[in-house]
Amino acid sequence: MKNRYSIATYIILGLALIGVASVALKLIIPIIVFGIIFLLYKFPPNRWRKPTFTAKGSGGRTKEKRTRNATFRVIDGNKGNADEPPKYH
C-alpha cells in the first residue's frame, strides 16, 4: 500500500502542532481569566445582587401618593421664521 502523505509532510505537521501548542500554553492564562470574568458577568453570584424590598414588608403602612397638576408654560424661542433661508450653510 502506498502512503497518502510523504514523510516530510508528517514532519512539517508535527512541527506545526508543536508550535501551536507552545503558543496556546502562553495564552492559556489570559483565556482562563477572560473566561472567568465573562462567566461572572453573565451569571453573577446571588450575594452581590441588591435586595428588593416590597411595600408589605415595611410595617404594613402605605402612604397614598399625592399627584399635583403641573402648570405648563410656553417659552418663547428665538428660532426665527420658517420662510427665511438658514443663516449658515
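Atom set for the values below is all heavy atoms of this structure, side chains included, hydrogens, waters and symmetry mates excluded.
- Here the closest non-hydrogen pair linking Y10 and Y5 is CE1-O, 3.6 Å.
- Note: Y41 OH to F34 CZ = 15.0 Å, rounded to the nearest 0.5 Å.
- Screening I11, L13, I7, I12 for a side-chain contact (heavy atoms from CB on, under 4.5 Å) with T9, the sole residue that qualifies is L13.
- Annotation: side chain to side chain contact (heavy atoms under 4.5 Å, CB included) contacts of I32 (sequence neighbours excluded): I28, I36.
- Residue-environment remark: CD1 (I29) stays at or below the threshold of 12 foreign heavy atoms within 6.0 Å.
- The CG atom of L40 lies 8.0 Å from the CD1 atom of I37; values are rounded to the nearest 0.5 Å.
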